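Note sheet for the following structure.
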Amino acid sequence: MDLMKEFLAWLAVPTLLTLTTKPWESLGAKYGLLLLPLLFVVFLLAYWLRLLLGEGPGEGGAGRATLTDAVNELAESVERSWGDEVGSRQLGLTGREIIKFVWRPAEEGVASRAAQEDVAEAELAGVEDLVEEFLKISSRRLVIMGPPGIGKTSLALLLTVGLVRKRRAEGTGFVPVKLSVAGWDPEREDLLSWMEGQLVQQFSFLKSAKYERDMPRRLLETKHVLPVLDGLDEMRVNGVDTQRQAFEEINRVIDSLCGIVVTCRDVEYRRGVHSAGLIRAASVVRLQRLRLDDVIDYLRRNTEGGERWERLFAGLRAAPDSPLARALDTPLMVSLLRDVYKRPSTRPTELLDRDRFPTEDALRRHLAGALVGVKFPLLGRRPRRGEWDGADARRWLAFLAAGMQDREMTDIAWWRLPELGGGRYRFFAGALAAVITGATAWLTAWGVARMLWGWGWGMAVAFSAAAVFGIPMGIRAAHNLPTPSEMQFTGRKRLSVMVQGGLFAALVGGLCGFLAGGFGRAAAVGAIIAVPVSLAYAGAQPDTTVRAATPRTLFRRDAMVVGIFSTAYGASSALAGGLLVGPVFGAALGVCCALCGGLLYGLPWWFALGSKHSSGLVASAHLWLFALLQALRGKCPWPWRLMAFLEEARNRDVLRQVGPVYQFRHAYLREVLAESAS
């Protein structure tokens, strides 16, 4: 019975291929001399059409939605995404939920006297107080200074949420957008272009066809977006010259914006002012260190187990100049204390032991170092299925932190994580891409050349093709880390992209069919390949969902592209190979083409979608290979668990999410973990 089923299956394959392709073979045999030139002309017309209409990725036609629509959708997305992040960071929005901030006008030398008239010392007991104080500034230009851990980022986040909620309630006004400035390099990119790219990266719906292609820039230039530039001191390229260029660039474009908010550490801001001058008309405030009474009041409201905490409070009041009291003068350390000693079994009074914790630095390192163990406890002998063991989590996070420190990375962008693998990883990435491409080229060339010139020449041609195509792709993959594909597959069709992607693949397949069997086979093979591939490219559309991009969203979208194109190239190539050579050859060719079409960016992507700078492995393939290599060394979760672990670390408040990337909760935590890795 099994033999009969196998025989019928093998008999059905060539029968199905014959029935499917017979009309195309007849058409090709009759009109072959006219068919191929006609296809080539259609291909060129489609390419020119895309250039004329600007119909590339993220480029629409006439732009059916208005600027007002874009502003409203942006406000909705900002409120939803950053509102969720406020909850994730346990910040809250009321005086009971957040610690009381105090700011004062900065000292002379960092702001003009006229600008400082709009700010005064203020106690900020909630978001409403913060918004009210900001709106007193007539220029809408504010710089928030302070030492590390003082709460500058938290204040910027709360201000963003407060302003966007006010805007949504009133229906008019600007939309605040919080941007992490750590990745901006003013030597390579002007500020407006960088902010435009950040808007596109965080809010991918702005690239949809319903908007004009310059909509992100228009939002900035029409003064509908208030940029909140967080972490000017954390820019990737350090040095006086870079600080000078950053300040000069801000001053160059500041008049074209509706306002600006900047956060920066004291030392770096003064350095920038010294080298480039003041930020024009910007009011500058300095966050003050927390008062002991405010710290105790906050902890009393936000902790459980009053007796053990009251003993700690009594010790703090008895020694207000102790190392512990001085260490708890920033919101970062207070939040770490709250989290580390949250469980009833812990004893916060141990921090009063001066023999064990003689200095402020010892206390700060203890709190930062203990956080991961509290958030990810050891599981011991308990079942580990679906759980995260604390020892694993600390080892993985320490490896990540150490790699970021070495490369001066502040963002955990998953598509950049392979950089942490160094030269060893680049070798494996190049080798994988070369093997996949070479195997596909080898099989294709061997299948055609063997029929034309026999086994000997077939092998020679096959190995030559493998080298010609495999080596360049391997080199590109070793040196290129593409950004995630921001496509989704919808019912909306884009004719030029569909024609270009499908016809490029069809011409390659048709050439093989022509060499193997004349114009008839050329038409048949070209049709088999063109139909599924063109449908895949027809569905490749920018994401129009009104939402801020998240790391997991980008990963799922990139993986979807891999799956769709693997299926399209694999199925069509398997059918074509079965028609030309046989079922076994077709199956082998289908597997190779599925890997090649799904995991690699090549010429079809360049012609159809303009991705000429993205050749090599796709972003999700890079991540999987990197995670696999590091997991074998115990440095990383297995590839299928890596994104889930990063999201879990964010949910447990070890990492935080900033648009499409993660960051460590604070740079100090990253530094402590990096030291533990060494």
Side-chain angles (χ1 to χ4, degrees), residues 80-91 153 157 180 332 335-336 338-343 367-404 409-418 420 484 547-559 619-620 623-624 626-628 630-670 672-674 676-677:
R80 184 167 57 247
S81 60
W82 287 115
D84 292 343
E85 190 63 16
V86 164
S88 175
R89 300 188 192 186
Q90 304 179 54
L91 291 178
T153 295
L157 175 54
S180 176
L332 171 64
S335 65
L336 289 177
R338 176 200 65 200
D339 292 348
V340 169
Y341 292 96
K342 182 177 182 179
R343 289 179 295 178
L367 292 173
L371 180 68
V372 175
V374 171
K375 297 295 186 178
F376 289 93
L378 297 173
L379 296 181
R381 296 183 178 180
R382 289 163 47 195
R384 295 193 178 188
R385 185 176 180 82
E387 298 186 53
W388 304 101
D389 182 65
D392 293 336
R394 184 176 184 87
R395 186 173 64 254
W396 297 337
L397 290 169
F399 166 74
L400 184 60
M404 294 175 66
M409 295 169 59
T410 56
D411 295 338
I412 306 172
W414 61 260
W415 56 94
R416 288 190 60 199
L417 287 182
L420 306 185
R547 62 185 175 190
T550 66
R552 299 192 77 176
T553 299
L554 291 181
F555 181 80
R556 285 194 297 266
R557 207 178 298 160
D558 196 77
S620 54
L623 183 69
W624 267 66
F626 166 78
L628 178 62
Q630 299 305 324
L632 293 172
R633 303 170 58 204
K635 303 290 187 180
C636 179
W638 292 105
W640 51 89
R641 302 192 74 197
L642 176 56
M643 292 302 297
F645 172 71
L646 294 177
E647 184 66 14
E648 186 65 21
R650 181 247 181 175
N651 292 336
R652 301 191 189 193
D653 205 23
V654 176
L655 302 180
R656 61 190 183 189
Q657 183 180 310
V658 181
V661 302
Y662 296 110
Q663 294 176 346
F664 277 95
R665 178 167 167 172
H666 194 272
Y668 184 72
L669 174 62
R670 187 182 68 233
V672 171
L673 286 172
S676 70

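What you are looking at is a predicted structure, and each value in this text was computed from that prediction instead of being measured. Sequential numbering from 1 along the given sequence is applied to the chain's residues.
A parallel orientation is assigned to the rings of Phe399 and Phe626, their planes being inclined by less than 30° (bins at 30° and 60°).
Remark: Ala627 pairs with Cys636, Pro639, Leu642 by the side-chain contact (heavy atoms from CB on, under 4.5 Å) rule, at least two apart or across chains. Taking the side-chain contact (heavy atoms from CB on, under 4.5 Å) definition, one finds that Trp640 meets it with Trp624, Trp638, sequence neighbours left out. Legend: residues meeting side-chain contact (heavy atoms from CB on, under 4.5 Å) with Ala559, ordered by chain and number and at least two apart, are absent.
Looking only at distances, no side-chain donor or acceptor of Asp411 sits under 3.5 Å from a matching main-chain atom of Ala413.
Taking all atoms of both residues into account, the shortest heavy-atom contact from Gly369 to Arg394 is O-NH1, 2.8 Å. Between Pro484 and Trp414, the shortest heavy-atom contact is CG-CZ2, 3.5 Å. Ala398 and Ser676 make their closest contact through CB-OG, 3.8 Å (heavy atoms, listed as atom of the first residue, atom of the second, distance). Across every non-hydrogen atom of Leu655 and Leu646, the tightest pair is CD1-O, 3.8 Å. When all heavy atoms of Phe376 and Ala393 are compared, the closest pair comes out as CG-CB, 3.6 Å. Here the closest heavy-atom approach between residue Gln663 and residue Thr410 is recorded as CG-O, 3.5 Å.
Taking CZ from Arg633 and CD from Gln630, the interatomic distance works out to 5.0 Å, rounded to the nearest 0.5 Å. Considering CZ of Arg670 and CZ of Arg665, their distance stands at 15.0 Å, rounded to 0.5 Å. With values rounded to the nearest 0.5 angstrom, Leu628 atom CG is found 11.0 Å from Leu623 atom CG.
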Please test Asp339 against Lys342 for salt bridge (Lys or Arg N to Asp or Glu O under 4.0 Å), starting from the C-alpha separation and ending with a verdict. CA-CA 5 Å; Asp339 292 348; Lys342 182 177 182 179; over 6 Å; no
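Contact annotation: the side chain of Trp396 approaches that of Trp388 to within less than 4.5 Å [non-hydrogen atoms, C-beta and beyond]. You'll find the side chain of Thr153 reaches within 4.5 Å of the side chain of Arg656, heavy atoms only. Taking 4.5 Å as the limit, some side-chain heavy atom of Gln657 sits within range of a side-chain heavy atom of Pro551. Within the 4.5 Å cutoff, the side chain of Leu420 has no heavy atoms near those of the Lys635 side chain. In this structure, Val654 and Tyr662 have side chains that are not in contact, with every pair of non-hydrogen atoms separated by 4.5 Å or more. Inter-residue side-chain proximity for Phe645 and Asp392 is flagged as unmet; no heavy-atom pair is nearer than 4.5 Å.
Checked options Leu397, Leu336, Asp653; the residue passing with Leu371 is Leu336 (criterion: side chain to side chain contact (heavy atoms under 4.5 Å, CB included)).
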